[in-house]
Amino acid sequence: MSSFEQSFAKSLEQYAELVVRVGVNIQKGQDLLVTAPVETLEFTRLVVEKAYAAGANYVQVDLEDDTITRSRFEHGSDDSFDYYPAWKGDMMERFAEAGGATLTIKVPDPDLYNGIEATKVSRATKAAAEARKGYAKYTRNHEISWCLIKAPTKAWANKVFADIPEEDRIRVMWDTIFKMNRVDGGDAVQNWKEHLETLNKMSELLNQKNYKSLHYRAPGTDLKIELVNNHIWGGGGSENKQGVYTVANMPTEEVFTMPKRSGVNGYVSSTMPLNLNGQLVDQMRITFKDGQVVAYTAASGEEHLKNLFSTDEGARYLGEVALVPHHSPISNLNRIFYNTGIDENASCHLAVGSAYPFNMKDGTTMSNEELLKHECNVSLTHVDFMIGSAELDIDGELQDGTIEPLFRKGNWAF
């Protein structure tokens, strides 16, 4: 084995150890469900090995294949797109109820649905969300351990690194994933402990500030967002209801909280393309009035945006406000990854759709009706879109009406 192969094998093992021990933080005797693209089988096997070594009781692996996924939309009957197996939704809910953990390698091909009628995809997405509502409650309320990670696939690497020789793209993508996950030298687990502490300190500072509202200004953006009463900033990782500390997204660079459902006014422009379930939407401009989306445009993929906002009533309201400095590790790579789980950690972003109840005091104890009464948005969907840039300024309004700079030229003002 060459020195390069030895180095790669060591990094791969560190990464698998990291996502098992820190990301999903598998506990002794716990079941684990791993969902992964078939192309990542070698890495998935390593994850399973590390999970059993950490004490997992049983690891179930569900492999996905883009060709099989697309085949449904090319050849399936029209009425099939409104269907999702109830038994699968029930299985996921029972799995969560029993305290299982989920680890998902999420890397949708940005061009997967090229040439496919957009409504077919949106109908299938909505049907799946309806069937999995019971399971989604467990993740939305952070009742179980769950983690989303990344690993290279050919289609994704070809899209992101089209400017380098094809034979090098998977290797470069692996190197990039290692780097953004702090698996590029030293002790990766210790690197993450220090990183999470930094994000937690920023969350604590923002919680002490207790802003009433945030005002965003940038080219194409003039947006005021009120924050819900008793909002809570989070970032990095947190304890779930089982008392287990997990990290839901790896990599992560954000701190985030809950907007007031009816308290969003103005307009905002996206600064990166959005990979919306394998459909690209670019150069969005969205206008809000009293919280609701009242107008929108996109240079490409506008029909996908229309279908997103038609998911349900809550899809037209914000559910998340997230802050990421422009000078941060992923942003400094100066590359678009066409993967929201990465791009959102290079940019300040917002999310339409469901809010996370744990971002509000006592939110996880409330019914959907109570959440809505307290101005927390409820929806079947949750879609982040990126709005940060080196030109973004954000002012924070304190409870006494004092205005202070929060971001200047895309970075923290304090």
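The analysis underlying the following values was restricted to heavy atoms, covering all of them including side chains, and did not include hydrogens, waters or symmetry mates.
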Taking the six-membered ring of [Y] as reference, does the cationic atom of [X] (NZ for Lys, CZ for Arg) lie under 6.0 Å from its centre and within 45° of its axis?
X    : Y    : value
K159 : Y338 : yes
R123 : F81  : no
K150 : F337 : no

Problem set entry | pair P357-T364: side-chain heavy atoms closer than 4.5 Å |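 Side chain of P357 against side chain of T364, heavy atoms only: contact under 4.5 Å found.
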Problem set entry | Minimum side-chain heavy-atom gap F43-L12 below 4.5 Å | yes
Has the side chain of [X] got a donor or acceptor atom that lies under 3.5 Å from a matching backbone atom of [Y]?
X    : Y    : result
T257 : I232 : yes
N411 : H326 : yes
T69  : D65  : yes
Y138 : F95  : no
N57  : Q30  : no

Between [X] and [Y]: side-chain donor-acceptor atoms closer than 3.5 Å:
X    : Y    : value
T102 : Y135 : yes
D290 : Q292 : no
D282 : S300 : no

Problem set entry | Plane angle bin for H382 and Y356 - parallel if under 30°, tilted between 30 and 60°, otherwise perpendicular |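 Aromatic pair Y356/H382 classed tilted.
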Exercise. Out of V160, N275, V107, which residue meets the side-chain contact (heavy atoms from CB on, under 4.5 Å) rule with N339?
Worked result: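 Exactly one option meets the side-chain contact (heavy atoms from CB on, under 4.5 Å) with N339, and it is V107.
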Problem set entry | Spatial distance of atom CD (Q208) from atom CG (L206) [nearest 0.5 Å] |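 Atom-to-atom, Q208:CD and L206:CG are 9.5 Å apart.
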Exercise. Salt bridge or not for D163 and R335, using N-O below 4.0 Å?
Worked result: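 Salt bridge between D163 and R335, a charged N being under 4.0 Å from a carboxylate O: yes.
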